[in-house]
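Please read the structure below before turning to the comments.
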Amino acid sequence: MTTENVHILPDSILHRPVVVHVIGCGGTGSQLLPRLAQLSKCMVALGHPHGLDVTVWDDDTVSEHNCLRQNFFLPDVGHNKASVMVNRCNMAHGLRWKDQPTRFTRESMRSGGVDFIIGCVDSKKARAEIDAFVRESYQTIYWIDAGNEATTGQVIVGQYGKRIADDPMRLPLVTELYPEIIEGEDNNAPSCSARESILKQGLATNSMAATWIYSWLAEALRHGQVSWSGIFFSLDSGRVTSIPVSKSAWDAIRPADQPSLKAA
């Protein structure tokens, strides 16, 4: 349920395992996983009966230059990124999280029971697959999308499900606010060296995006409600701008050719 100023999570999510799928375990995803482990432990300490049930998707293996900007070490080189991070979190925190060392597609995850999809991907094609999966769901799913350039980034939280598709106070998906995020061709060739990786991407950008994902989840799951649905940050200027839970704020962002849902 959402009012004009606050989004309230379904009560059921606070009394059972919270099912989270992290899509992508590179720059942002590998920084996020330890924070999710911390959040899960804190939820249990505060009285949640189960914490987070996390599955991580990535078909890529760790390269040597990944050990600088991403959350990997030299012994990880050659191993699957999702498997490395899930095994590390499970061993360190006594968890039973799962890895999917494959590329995520809408067909690869047909079963229900997903509460949150966290997209830590950098391609239009990957986002389009997440978008298609979420829009085909009858059950309500939160999609948290993280994106960034060299020194700027954003985290947008949306929700969708066929039961709430016409609710004017539903948190809009990133593709509803910024449809260009899945339109056209990608132009993001991977870095081939450690130097290129550092020059291409700010050292703190991915960890900052991961921190804002963690911040939204920590606020929402601890209190059962949250008052913002997105964040933009700039490491150049040190500025942060949020998107409040507000239909007028969403309508101001939404493209003119994207119809606004009308209140009943």
Side-chain angles (χ1 to χ4, degrees), residues 22-36 38-39 58 60 62-72 81 85 118-128 130-131 143-158 171-220 226-246 248-255:
V22 178
I23 316 299
C25 195
T28 300
S30 65
Q31 301 286 353
L32 175 64
L33 265 295
R35 292 168 169 85
L36 293 185
Q38 179 186 19
L39 175 58
D58 202 307
D60 196 15
V62 180
S63 300
E64 187 171 345
H65 69 270
N66 294 148
C67 301
L68 294 174
R69 187 171 52 81
Q70 301 181 18
N71 194 16
F72 297 106
K81 291 181 178 181
M85 289 306 304
I118 304 177
C120 301
V121 297
D122 59 0
S123 76
K124 296 175 184 291
K125 183 177 180 180
R127 283 190 172 95
I130 298 174
D131 182 69
W143 173 14
I144 305 177
D145 178 81
N148 61 269
E149 299 295 337
T151 59
T152 61
Q154 74 281 337
V155 172
I156 307 293
V157 184
L171 303 183
L173 302 175
V174 63
T175 48
E176 294 176 299
L177 298 178
Y178 303 99
E180 66 273 13
I181 206 167
I182 59 173
E183 296 173 351
E185 297 296 324
D186 286 307
N187 184 23
N188 53 349
S191 304
C192 298
S193 68
R195 178 178 175 81
E196 181 183 357
S197 177
I198 293 173
L199 293 175
K200 180 179 178 181
Q201 184 76 62
L203 296 178
T205 310
N206 291 122
S207 57
M208 185 63 69
T211 297
W212 279 113
I213 297 171
Y214 170 67
S215 298
W216 192 93
L217 284 169
E219 183 73 10
V226 66
S227 61
W228 56 278
S229 65
I231 203 88
F232 296 86
F233 65 88
S234 169
L235 300 181
D236 290 329
S237 65
R239 294 180 178 177
V240 176
T241 303
S242 65
I243 303 174
V245 171
S246 166
S248 60
W250 301 329
D251 287 345
I253 298 172
R254 209 185 308 262

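Position 1 is the first residue of the sequence, and the numbers go up from there. These numbers come from a predicted model, not from an experiment.
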Taking the side chain as everything from C-beta on, heavy atoms only, tell me whether [X] gets closer than 4.5 Å to [Y].
| X | Y | result |
| --- | --- | --- |
| Phe232 | Val240 | no |
| Met208 | Leu235 | yes |
| Gln38 | Tyr214 | yes |
| Trp216 | Ile144 | yes |
| Ser229 | Trp250 | yes |
| Ile253 | Tyr178 | yes |
| Leu36 | Leu217 | yes |

Quick check: closest heavy atoms across [X] and [Y], and the distance to 0.1 Å?
| X | Y | value |
| --- | --- | --- |
| Glu176 | Pro255 | O-CD, 3.5 Å |
| Leu177 | Pro172 | CD2-CG, 3.9 Å |
| Arg127 | Trp143 | O-CH2, 3.7 Å |
| Gly26 | Asp58 | N-OD2, 3.9 Å |
| Val22 | Cys120 | CG1-SG, 4.3 Å |
| Ser207 | Arg35 | O-NH2, 3.8 Å |

If you measure from [atom1] on [X] to [atom2] on [Y], what distance do you get to the nearest 0.5 Å?
| X | Y | atom1 | atom2 | answer |
| --- | --- | --- | --- | --- |
| Ser234 | Arg239 | OG | CZ | 8.5 Å |
| Ile130 | Asp145 | CD1 | CG | 7.0 Å |
| Thr28 | Leu33 | OG1 | CG | 11.5 Å |

Item to check | Worked check of side chain to side chain contact (heavy atoms under 4.5 Å, CB included) between Ile231 and Thr241 | outcome: CA-CA 6 Å; Ile231 203 88; Thr241 303; over 6 Å; no
Checklist entry - Is any NZ, NE, NH1 or NH2 atom of the basic residue among Asp60 and Lys81 found under 4.0 Å from an Asp or Glu carboxylate oxygen of the other? => result yes
Next on the checklist: I'd like to know if the side chain of Ser63 and the backbone of Asn66 have a donor-acceptor N/O pair within less than 3.5 Å.
Outcome noted: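 No, the answer is negative, given that no donor and acceptor are paired below the 3.5 Å cut-off.
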Item to check | Any side-chain donor near an acceptor of the partner, Asn148 and Thr205, under 3.5 Å | outcome: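 The answer is no; no qualifying pair exists.
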Next on the checklist: By the definition side chain to side chain contact (heavy atoms under 4.5 Å, CB included), identify the one residue from Ile213, Thr211, Asn71 that meets it with Gln31.
Outcome noted: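 Testing each of Ile213, Thr211, Asn71 against Gln31, the sole residue satisfying side chain to side chain contact (heavy atoms under 4.5 Å, CB included) is Asn71.
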